[in-house]
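Encoded as structure tokens, the structure appears first; notes follow it.
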Amino acid sequence: MSMHARILAAIRKIPRGKVSTYGAVARGAGYPGLARQVGGILRRSAGMPWHRVLGAGGEINVPRDYAMEQRFRLESEGVIFRGRRVDMKRFEFQFPRARSLREKSKKSS
DNA sequence: AGGGTGACGATCA
DNA sequence: ATGATCGCCACCC
């Protein structure tokens, strides 16, 4: 399974009414440190619950063209904002502990 | 091989 | 809180 596929799979696990962050998705998928790729992949993928992925701290981090829609979609799922950010204490989806799949050298299985 | 690019994130002024 | 800076890394020329 490719990194790309694992990341998309992780994003699809975020349930309705919950959110995650680019960094957390990367870690949940087994690729700590690849928050940027999560953003890039999500940006180019159709049919994904993109609105459930926020920036660190629960801040909306998409260009303004989509910012309003993201907030609207989340609020319609019951996610509550406090100022500009989501109350992560209550709405962040916790990914199960994932083994880092990042490889510095050889070996797989 | 090498340089530029992010829907990132942590830190600091 | 806000903006700058820097570290990070897969991708795309």
Side-chain angles (χ1 to χ4, degrees):
Chain A
M1 202 175 177
S2 68
M3 172 189 102
H4 182 93
R6 286 178 194 286
I7 287 178
L8 289 182
I11 294 171
R12 278 189 285 256
K13 287 182 182 169
I14 306 169
R16 208 184 128 76
K18 287 286 186 178
V19 302
S20 188
T21 66
Y22 300 99
V25 165
R27 290 191 294 277
Y31 299 93
L34 296 200
R36 296 186 100 123
Q37 333 304 315
V38 173
I41 289 170
L42 192 51
R43 173 164 53 88
R44 298 170 257 256
S45 307
M48 294 295 293
W50 61 273
H51 60 287
R52 306 212 261 254
V53 185
L54 301 163
E59 265 186 300
I60 282 189
N61 218 297
V62 298
R64 17 177 208 306
D65 323 26
Y66 306 104
M68 294 307 286
E69 183 182 351
Q70 179 166 28
R71 180 164 181 152
F72 176 79
R73 287 192 178 213
L74 287 176
E75 292 185 323
S76 67
E77 291 189 353
V79 174
I80 299 172
F81 280 72
R82 191 178 40 196
R84 295 175 180 287
R85 30 206 210 100
V86 166
D87 180 349
M88 299 307 269
K89 272 294 208 199
R90 287 160 42 190
F91 302 104
E92 178 168 25
F93 171 66
Q94 298 296 147
F95 281 98
R97 284 305 194 188
R99 248 286 270 177
S100 176
L101 300 174
R102 298 193 59 200
E103 54 176 273
K104 274 308 177 192
S105 51
K106 65 317 181 175
K107 186 75 130 234
S108 62
S109 66

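The figures here come from the full heavy-atom set of this structure, side chains too, leaving out hydrogens, waters and symmetry mates. Please read all numbers here as calculations on a predicted model, not as lab measurements. Order of the sequence lines fixes the chain letters, A, B, ..., with proteins taken first and strands second; residue numbering starts at 1 for each chain.
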Sugar-phosphate, base or nothing in reach of A:G40, heavy atoms under 4.0 Å: nothing
For [X] and [N], give me the distance from atom [atom1] to atom [atom2], rounded to whole Å.
X     : N      : atom1 : atom2 : value
A:E69 : B:dA7  : CD    : C1'   : 13 Å
A:Y22 : C:dA10 : OH    : C1'   : 17 Å
A:L34 : B:dT5  : CG    : C1'   : 15 Å
A:H51 : B:dA7  : NE2   : C1'   : 15 Å
A:Y66 : B:dG6  : OH    : C1'   : 15 Å
A:H4  : C:dC9  : NE2   : P     : 20 Å
A:N61 : B:dC8  : CG    : P     : 5 Å
A:E59 : C:dG3  : CD    : C1'   : 12 Å

Closest-nucleotide 5' rank along DNA chain C - winner of A:I41 and A:R36: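 By nearest-heavy-atom nucleotide position, the 5'-most residue is A:R36.
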Phosphate OP1/OP2 of B:dA7: any A:R43 side-chain N/O under 4.0 Å: yes
Closest listed nucleotide, where the reference is the side chain of A:T21 and the choices are B:dG9, B:dA7, C:dC9: B:dG9
Selected nucleotide, minimal atom distance to A:A35 side chain, candidates B:dG9, B:dG6, B:dA7: B:dG9
Near-strand residues of residues 80-98 of chain A, defined as heavy-atom separation under 4.0 angstrom from DNA chain B: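 Within residues 80-98 of chain A, no residue comes under 4.0 Å of DNA chain B.
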Sequence-distant partners of A:F91, ring pair (Phe, Tyr, Trp, His ring centres under 6.0 Å), two or more places apart: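 A:F91: no ring pair (Phe, Tyr, Trp, His ring centres under 6.0 Å) contacts found.
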Listed partners of A:Y31 passing ring pair (Phe, Tyr, Trp, His ring centres under 6.0 Å), at least two apart: none
Whether over 12 other heavy atoms sit under 6.0 Å from A:F93 CZ: yes
Any side-chain heavy-atom pair of A:L74 and A:I80 under 4.5 Å: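 Contact flag for A:L74/A:I80 side chains = no.
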Listed partners of A:R36 passing salt bridge (charged side-chain N to carboxylate O under 4.0 Å, His left out), at least two apart: none
Side-chain donor-acceptor pairs of residues 8-30 of chain A under 3.5 Å, sequence neighbours excluded:
unit_1	atom_1	unit_2	atom_2	d
A:K18	NZ	A:R90	O	2.9
A:T21	OG1	A:A24	N	3.0

All pairs passing salt bridge (charged side-chain N to carboxylate O under 4.0 Å, His left out) where residues 39-68 of chain A contributes a residue, at least two apart: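 Listed by first then second residue: A:R52-A:E77.
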